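Report on the structure given below.
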Amino acid sequence: MRASALFAHLTTHRLWLTLLLCPIGLAGIVFLTRRVFPGAQGSGIPQAMAAMSMENPTDVDTVLSVRIAVGKFLLTLAGFAAGASIGKEGPTVQIGCVVMNIFGRFGLERSQALQRLLILAGGAAGITCAFNAPVAGILFAIEEMAGSFDDRLARSIILAAFASGITLLLLLGYQPYFGFSRAKLPLGLIWMLVPLCAVIGGVMGGAFAQVLVTPARFMPGPVNRLAKDHPVGFALLCGFVLAGLGLISHGQIFDASYGEAREALTKGVLPPFDFAPLKFLATLVSYLSGIPGGIFAPSLAVGVGVGTIFSHLVPGAPVAAFAMVGMAGYFSGVVQSPLTATAIVIEMTSNPAMTVPVGIAAILGTMASRLVCKEPVYHAMAHQFLRVVEHKPVDQPNTAGVSPE
């Protein structure tokens, strides 16, 4: 990630520069998004899911256009260069769906069924490409995007995910996203902490999702008006908040916090006690600013912080193992997709020995999240996007990346 490396190079010994780079960067990205690449804001996954429900091919081509794909790519890179706490997976999914929408139907008669199939295949390929995790890509497309299992869909999704995986294997070789973790959680009293960690992570993940879905309910009136009437000014404000969080955390919450998560998962290095709440807020601020970017990767980092809190508090709680448990609990709380959460944590660490505690955490995290956020975040955002496309009112400002403008 050269964009992230550039930001780190500029700010490592000059953290005060973040007070300039973050506000100017976020405001500039929002300005370009609205003026040059309208429709490129937000994650990209809700837009792809909404496109599956669209009957008008023109609407689909508008959401999955080359212009939006180019904007998504360039502006997400700019977001990393500005230190935003975002991930690449949402934009990658939308770009994958754009490619499939354009090239996948050559020689075939266009239909809504074919359109749905191509989008699901593009989504699976996008997750696989982002994280080198083909099984997680398959499960995400089936569990989260399709919401049901169909033999024909499954075969196409599997083919697309494995084709993407083979491409990565040829270009980069086999390398799990976070590297090889050797974490283990021996049977004993320490297992009693797994449900507690999962539930706390799930509630936090559900709270994060609920704020993304209905931001107007959680922001003061003047801030809501600023977000609605002056989106560039609102992004500038978000940039100052992000820079402040970065100063408090000594720079650990910028970008996807990949290094901090990797160190905890593969070497057992404890992140600071306050890493989880600061990363939670940084990701929230970055996304609500209206810039393009995903929430997968930063959510995984927040989950690592949630899990390692137990290693701070309980002597003998293994850092890497609880980082994985916390990651599964929080991430499943955000997306409410326990199979995807289990697969992605195991694949990204290449550690099948942790399948049982990670799976338990993912299930409990999903259940806990539903007490806070009734509808999965991507589904809720996709419904909001469809209402905007159909020119129906939405009850919150355009801060969650759902506007097609």
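Only a predicted model underlies this, so the values are computations on that prediction, with no experimental measurement involved.
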Taking atom types as modelled, is there a side-chain donor on [X] or [Y] under 3.5 Å from an acceptor on the other?
X: T283; Y: S85; result: yes
X: Q41; Y: T33; result: no
X: K88; Y: T76; result: no

Just jot down the ring-ring contact (aromatic ring centres under 6.0 Å, His included) partners of [X], sequence neighbours excluded, or say none.
X: F7; result: F254
X: F310; result: none
X: H9; result: none
X: F208; result: F280

Measure the [atom1]-[atom2] distance between [X] and [Y] for me, rounded to the nearest 0.5 Å.
X: T128; Y: I138; atom1: OG1; atom2: CD1; result: 6.5 Å
X: K374; Y: Q336; atom1: NZ; atom2: CD; result: 9.5 Å
X: L32; Y: L75; atom1: CG; atom2: CG; result: 6.0 Å
X: E263; Y: T308; atom1: CD; atom2: OG1; result: 13.0 Å
X: E55; Y: Q115; atom1: CD; atom2: CD; result: 9.5 Å
X: H383; Y: E375; atom1: NE2; atom2: CD; result: 5.5 Å

**OP:** Give a yes or no on whether the ring-centroid distance for Y177 and F296 is below 6.0 angstrom.
**Re:** no

Do [X] side-chain atoms and [Y] backbone N/O form a donor-acceptor pair below 3.5 Å?
X: T214; Y: V211; value: no
X: Q47; Y: G44; value: yes
X: T11; Y: L17; value: no
X: N224; Y: M219; value: yes
X: S369; Y: G365; value: no
X: S164; Y: A160; value: no
X: S332; Y: A362; value: yes
X: S311; Y: A317; value: yes

Write down the atom of [X], the atom of [Y], and the distance for their closest heavy-atom approach.
X: V372; Y: V203; result: CG2-CG1, 4.0 Å
X: K184; Y: A321; result: O-CB, 3.5 Å
X: S249; Y: I253; result: OG-CG1, 3.2 Å
X: G179; Y: R262; result: N-NH1, 3.6 Å
X: A320; Y: L265; result: CB-O, 3.5 Å
X: A48; Y: M145; result: CB-CE, 4.2 Å

**Prompt:** After noting the C-alpha distance and the side-chain angles of N351 and M324, does the key distance pass the side-chain contact (heavy atoms from CB on, under 4.5 Å) rule?
**Reply:** CA-CA 10 Å; N351 188 354; M324 291 181 68; 3.8 Å; yes

Validation row: [X], [Y] side chains within 4.5 angstrom (heavy atoms):
X: F273; Y: L313; result: yes
X: I295; Y: V335; result: no
X: P176; Y: E347; result: no
X: F73; Y: P292; result: no
X: R116; Y: S53; result: no
X: I360; Y: W191; result: yes
X: V66; Y: V70; result: yes
X: I344; Y: F331; result: yes

Run I190 and F322 through side-chain contact (heavy atoms from CB on, under 4.5 Å) and show every step you take.
CA-CA 10 Å; I190 200 71; F322 273 90; 3.7 Å; yes

Identify all side-chain donor-acceptor contacts of residues 93-100 below 3.5 Å with residues at least two apart in sequence or on another chain.
residue: Q94; atom: OE1; partner: K72; partner atom: NZ; Å: 3.0
residue: Q94; atom: NE2; partner: V63; partner atom: O; Å: 3.2

Counting only heavy atoms not in R14 (residues, nucleotides, ligands), do more than 12 fall under 6.0 Å from its CZ? yes

Above 12 or not: heavy atoms from other molecules or residues under 6.0 Å from CZ of F180? yes

- [ ] Could you please spell out the steps behind the side-chain contact (heavy atoms from CB on, under 4.5 Å) verdict for L236 and L26?
- [x] CA-CA 6 Å; L236 190 73; L26 266 59; over 6 Å; no

**Message:** Could you go through E260 and V269, starting from their C-alpha distance and side-chain angles, then the distance that decides it, and tell me whether this counts as side-chain contact (heavy atoms from CB on, under 4.5 Å)?
**Reply:** CA-CA 8 Å; E260 288 74 16; V269 176; over 6 Å; no

Residues at least two apart in sequence or cross-chain that pass side chain to side chain donor-acceptor pair (under 3.5 Å) with E144, listed by chain then number, are S337

